[in-house]
Amino acid sequence: MSAETFVSQRRFLWLWACSLALLALGAVYLLDHPIGSRYGGTRLGLIYGGISAAGIGFLMWYGIRKRHSYRSGRGTLKRWLGPHVWIGASLVLLVPMHSGFHLGWNVHAAAYLLMLLTVVSGIWGAYAYLRFPAEMTNRREGLTTRACVDEIDSISRDLAVLAKTNSAAFAAATARLEVEVKPSFARIMFGRPFHAFSKQELSELLGTLPKDEYQAGLKMTELASRRIQIANRLIKEASIVVHMRIWLYFHLPLSFGCAVAAAAHIFWVLFYRWPLL
Amino acid sequence: MKPEHHVVSELEQRLDVAHHLPSLRRIWIGVAVAALGVTVVWPMSAPTRRGGVSSGAISNHHRLIEAQCEQCHAPAFGSVPDPKCAACHSVGQHAVSSVAGHQELDARCTSCHKEHHGEETLIPSDSPLCTNCHSHIDRIAPGSLQPGISDFEHHPEFAVLAWSGDPPQLKKVRLDDPDVRDRTHLKFSHDGHLSQLAADGKPVLACSSCHQPTTDGNSMQPISYARQCERCHHIEFDGRLEGTFVPHGDAAGVKGFVTAQLAKLHIETLHDGDRSETRDLVAKESLDAEIGLFTPGGACFKCHDVEEVTPASNASRFKVLSLDRQARLMPAAVFRHPTHRLVECESCHAGVRKSTSASDILLPRIARCRECHADSGTPAMVDSPCLECHRYHAAK
């Protein structure tokens, strides 16, 4: 049996709670027949808008809690992540019920669009958190990043010494196997490995060396291959870490955009609509 | 335990996503500021830039003032107050029974007239316009005689303005009241007319032989003797005067006509006789003719209730009672015959072939309507919101 996650905690308590709440709100929505049509300004529309606004407030509060009071208050952060995920997903349906499923090219729909994008990026993040930590543990092989980086540096130094103490042909062959381990963002993002030389490529390279440097050449190709292997492992691992973090670069700014747009929406509808009922 | 001095190599930095991107804080602050600019500051800067904050399309009626929010909206944090509507619209007696007549409901123009929803809801025509109050009218207006009606499915049986009770009173009566009847001083049998057959065995009359639509097509023209009855029913009074028919009218007119026709008859045959004798003869014969017409077996009595009265000198001894019929049994209802022309008259007015009295009410019951009509959203049925048949109570 797999371990309980923030999504499945307490036997999907929050999924059930949110689904039941949505069903109940949906039933009330269908039973409500206001004059004209269903929209955000009817009595029920305002109530659903209020619930949605409170929901957005709760979701934003999670972010504040995460950064400033990790362990304060009641329960662990993981405990609060369950309702964060499922309440966020519920808003995708609750907000259209608030507006009577009316959408237009305006500030009001923009708030909803930003909310949808925030939720989508959040689902991406939830997926990353559920999938990648296991993969990382499987790949570790007991080596820390620091140790790998140190080993690459040490191999680079050894190769430099070998190139210096042998012939020019040897130095040229060493240069062929040189990789500048400065991975770009794209390389890390998409986990693109450096070119790993095949056995045939390496033996062709060894063929260019003088006979007496063959043994040194063998050592050189072995070291160079090892360096590429370690670098590629680092890139693979970094790409997993990136996957676990990059969604936040969307989720967090989008959530602020959504919160501002939602506040603007509330401001504009109240600006022209007071008293409420 | 943290290392005291940890020099992070360039490779280590490059492996960290944060190294390649601006700081998260800078990004979210940027997005938030941009959102604030687009959604608040830009529309605030000029009224003409407020299209994007409008909650929906303006109806065609108000398109000309669309860019001038304050034409309808009160200053900031103001909805549309009624005086703003009254500036252009005459609202004096509007909605008298729900708004002006019930201050306690605190209803405003915008309670029913919703703008910013395109053409749909400015003049609402769906059932909630009525049922929002009428479904629980007893709570909104205690003492109301109206039944609570939430939709067509729960609509009570049709009510008509007719006679019921003992002694009969003209009042609103439901068609399921066994006592309900119209009251009229006309004698008429639908059955007697429809069952007349011609020599070839075909019926002489159909519904449309007598019932003709009004010019707007919605209801039927009133029946008149001249248009409908005279074709078949001539009022003869004396075998010697073949082809002379009494004009349809009141008893005094009948008496005058009959007397004049008989006088003419006798004057033509009078040569040297005594004029007073002739006068007496005319008087006697006209009285006989009058009695013949207005008593059982007579042409007038055939259709009308007639009362014998003590006449003033020279006046008629009879009085034709006014028909005393309601012009419309359901005066507030809207019914369009033309939209129902594909169904036979008798499929709704079912009792005509059994009806022998003009007091019979031959309107269909609501169950007949429900064979085709149902609440909005019922599959394969005609949508039937309240305003399909009712007029809004103030819009008379």
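In this text, all values refer to a predicted model and were calculated from it rather than measured experimentally. Below, chain A is the first sequence line, B the second, and so on; all start at residue 1.
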Which residue out of [options] racks up the most heavy-atom pairs below 4.5 Å with chain A?
options	value
B:Leu129, B:Leu24, B:Ile27, B:Asp126	B:Leu24
B:Val17, B:Val53, B:Leu11	B:Val53
B:Ser54, B:Cys72, B:Pro124, B:Gly56	B:Ser54
B:Gly51, B:Pro43, B:Ala34	B:Pro43

Against chain B, work out which of [options] has the most heavy-atom pairs shorter than 4.5 Å and name it.
options	value
A:Leu114, A:Leu254, A:Leu252	A:Leu252
A:Ser184, A:Ala259, A:Ser255	A:Ser184
A:Asp153, A:Ile35, A:Leu234	A:Ile35

Restricting to non-hydrogen atoms, name the atom on B:Pro128 and the atom on A:Pro34 that form the minimum distance, rounded to 0.1 Å.
CB-O, 3.3 Å
Taking atom [atom1] of [X] and atom [atom2] of [Y], what is their separation to the nearest 0.5 Å?
X	Y	atom1	atom2	answer
A:His108	B:Ser55	NE2	OG	5.5 Å
A:Arg187	B:Leu15	CZ	CG	11.5 Å
B:Asn132	A:Thr42	CG	OG1	10.0 Å

Side chain, backbone, both or neither of [X] within contact of chain A (heavy atoms, under 4.5 Å):
X	result
B:Ser111	backbone
B:Cys130	neither
B:Ile123	neither
B:Arg25	neither

Give the intermediate values and the outcome of side chain to side chain contact (heavy atoms under 4.5 Å, CB included) for residues A:Val242 and B:Asp16.
CA-CA 8 Å; A:Val242 168; B:Asp16 181 3; over 6 Å; no
Quick one, A:Phe185 with B:Arg14, criterion side chain to side chain contact (heavy atoms under 4.5 Å, CB included). Give me CA distance, side-chain angles, the key distance, then yes/no.
CA-CA 8 Å; A:Phe185 178 63; B:Arg14 283 185 160 274; over 6 Å; no
Per-residue contact mode, [X] against chain B (heavy atom under 4.5 angstrom):
X	value
A:Leu248	both
A:Ser99	neither
A:Pro183	both

Candidate list B:Val38, B:Leu36, B:Val31, B:Val40, test side chain to side chain contact (heavy atoms under 4.5 Å, CB included), partner A:Val260, passing option
B:Leu36
Could you check whether atom [atom1] of [X] has more than 12 heavy atoms from other residues, nucleotides or ligands sitting under 6.0 Å from it?
X	atom1	result
B:Arg49	CZ	yes
B:Leu145	CG	no
B:Trp42	CH2	no
A:Tyr62	OH	yes

Working note: B:His20 + A:Ile188, criterion side chain to side chain contact (heavy atoms under 4.5 Å, CB included); need CA distance, chi angles, decisive distance, verdict.
CA-CA 10 Å; B:His20 300 271; A:Ile188 294 171; 3.6 Å; yes
Which is it for A:Tyr39 and B:His116 under the side chain to side chain contact (heavy atoms under 4.5 Å, CB included) test, yes or no, and what are the steps along the way?
CA-CA 10 Å; A:Tyr39 69 102; B:His116 287 284; over 6 Å; no
Look only at the side chain of B:His117 and the backbone of A:Gly36, and say whether a donor-acceptor pair between them is shorter than 3.5 Å.
no
Hey, what's the ring geometry for A:Phe256 with B:Trp28, parallel, tilted or perpendicular (30° and 60° as the breaks)?
parallel
